[in-house]
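Presented below is the structure to which this report refers.
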There are 2 protein chains.
Amino acid sequence: MRIALDAMGGDFAPQAVIEGAILAKSSLPADVEILLIGREATIREHLAKHNVSPSLFGIINADEVIEMGEHPTKALTQKPNSSIAVGFGLLKAGKADAFCSAGNTGAMLVGAMFSIKAIEGVMRPAIAGYVPKEDGRTGIILDVGANADCKPEVLNQFGELGSLYAQYVLGIEKPKVALMNLGEEEQKGTMLTQATYQLLKANTKINFVGNIEGRDMFNDKADVVVADGFTGNVILKMAESIYEIMHARGIKTDSFFDQMNYEAIGGSPIIGVNGNVIIGHGVSSPLAVTNMLRQAQQMVTADIHTKIKNALNEHSS
Amino acid sequence: MRIALDAMGGDFAPQAVIEGAILAKSSLPADVEILLIGREATIREHLAKHNVSPSLFGIINADEVIEMGEHPTKALTQKPNSSIAVGFGLLKAGKADAFCSAGNTGAMLVGAMFSIKAIEGVMRPAIAGYVPKEDGRTGIILDVGANADCKPEVLNQFGELGSLYAQYVLGIEKPKVALMNLGEEEQKGTMLTQATYQLLKANTKINFVGNIEGRDMFNDKADVVVADGFTGNVILKMAESIYEIMHARGIKTDSFFDQMNYEAIGGSPIIGVNGNVIIGHGVSSPLAVTNMLRQAQQMVTADIHTKIKNALNEHSS
């Protein structure tokens, strides 16, 4: 399989990205080819600095870079030779099986929507966040930022998309899907969560276990947490900050809290598009990049977007 | 001053509440009189069990108890002799300066709205949560559950209410008010946060510092975090669970994480009503009850509801 990696994306690119790719090369299966996208001379220079043969990687030249602060749609239009635009080009052409970048999140989202596009029947693709569980397992929450405002039908579908992802990529049989809410009772919540509850409850394609509260984020009540992108974003960033605060205060973390470190996860997949796309954290370190590549490998192996496509088509036929 | 305490409220009442009152009696200033409200015989029995003279407390009989699962409005109507109804009666009559209960949150909220009522000009009273800061200070977030769905004007006023509370009760000069959002930029967020941002920005009564993200919850960017009751509730409960998980996993907490323990805080004040009301955690321990009484004492000393009333009247005149 070929995983395309935006060598220019992220606050510490290209150095951290290329170091992450080198790290990944020694830990991922031999059949995983990593395609580094960016300014070829720069990439070769960094590989030489680490005494790594450029022949270990595919190198795809892309002269332009979309910066972190740029307007996504404008940037993609004005920079067709940017690493992000080139990455999506490879993905769309089937020359890469996955595309990862720690660059401009908005550009990654817009790029996915305009190149490989949403799977037919998917109302709104979502960005998912991995959630460590106290029992050592991993769950997901979606959306974590692609859709700030959501309608009940969209949240209902997030339940389905998340369930398929948890089943095929995380290997969880009959994933428990829950709705993030401010109380457990059915009638609790906002107008949005109340309406969503009824849809999820009636949804026979998922194993809906009801509402959960903020305190249940890390326990085993749910494998898949459904939330609008605003709520999911706040939760994910707060969780990340907990690890950072513990670290800064010299508190020894354990296997659970170590998984709250964004580096241990890698990135956040976009779920519901016709391909495997992962958005990395802006501050991605080499370790984070390595883990993002590992996530991508798992998504490709699971062929998750085809699974989602088939599941949605089954339903509509 | 006289602080009324619902002896029957909470999962471990009356025992935990009465033990908390006894604890508080030895740590609060001598001029703080605690009024225990509940079944008099039961209260006396528990005091006797601890060899504490009933003369140390005011004891107000209330034969009925509103249970945790009861419908707030119905329960208050059907149980006029419940400890919560009696407590609000005392507060309204000026026979108590504050009322605290770890009982039915909804009944506490409805009781406050129907007895002492919202301060004129307050659109929606809010429940505030105390937030520990990495630098050792304490901030607040509001709302944390009284209003799941909020309009921009309501959130804007939460900024004012929270700012006054932080100033007068927490002693923070010119409190920094921020809006919880999914990005720092002005144009980020939901339709609600985008509209709220503009109101807060134009609000000359507060020191608005802009948007903050989930990762900023515990740093010094803001003293007062404005959020709808849904978001605030998820944040607060998640923060509480972090402490519990650390504790359960045997991770040694420090002065910062210790403040994430709900027991260290006590309870959540209702802000914007004509009196001092605190809602305790359902599982309140004796220590939590003691700290809830201390919070009440601080609210009474600050005379916060009069301060809010005056500030709102100043504005409208």
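For the numbers below, each heavy atom of this structure counts, side chains included, while hydrogens, waters and symmetry mates do not.
You'll find the side chain of B:Arg249 reaches within 4.5 Å of the side chain of A:Glu134, heavy atoms only. The shortest side-chain heavy-atom distance between A:Ile245 and B:Phe257 falls under the 4.5 Å cut-off. Within the 4.5 Å cutoff, no side-chain heavy atoms of A:Phe230 are placed close to those of B:Leu192. Between A:Val234 and B:Val234, every side-chain heavy-atom pair lies at or beyond the 4.5 Å cut-off.
Rounded to the nearest 0.5 Å, atoms CG (B:Leu236) and CG (A:Leu182) are 11.5 Å apart.
Both the backbone and the side chain of B:Asn181 come within less than 4.5 Å of a heavy atom of chain A. Contact of B:Ala239 with chain A is made through backbone and side chain together, with heavy-atom distances under 4.5 Å. At a 4.5 Å heavy-atom cutoff, the contact between B:Met217 and chain A is made by side-chain atoms alone. Contacts between A:Thr190 and chain B at a heavy-atom distance below 4.5 Å involve backbone atoms as well as side-chain atoms. B:Ile251 touches chain A through its side chain: at least one heavy atom from C-beta onward sits under 4.5 Å away, while N, CA, C and O do not. Proximity to chain A involves both the backbone and the side chain of B:Met246, based on heavy atoms less than 4.5 angstrom apart.
For A:Phe114, the CZ atom counts as loosely surrounded, since its 6.0 Å shell holds 12 or fewer non-hydrogen atoms of other residues, nucleotides or ligands. When the shell of 6.0 Å around NZ of A:Lys151 is examined, it contains 12 or fewer heavy atoms from other residues, nucleotides or ligands.
Per-residue counts of heavy-atom pairs under 4.5 Å with chain B were compared for A:Thr253, A:Thr231, A:Ile242; the largest is that of A:Ile242.
Heavy atoms only, all atoms of each residue included: B:Ser241 and A:Gly214 are closest at OG-O, 4.2 Å. Residue B:Gly189 comes nearest to A:Ala148 through the heavy atom pair O-CB, 3.6 Å, listed as atom of the first residue, atom of the second, then distance.
Sorted by first and then second residue, the pairs that involve residues 229-242 of chain B and meet salt bridge (charged side-chain N to carboxylate O under 4.0 Å, His left out), not counting sequence neighbours, are A:Glu213-B:Lys237.
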For B:Arg215 and A:Met238, what are the C-alpha separation, side-chain angles and deciding distance, and is it a side chain to side chain contact (heavy atoms under 4.5 Å, CB included)?
-> CA-CA 4 Å; B:Arg215 66 168 62 97; A:Met238 189 170 135; over 6 Å; no
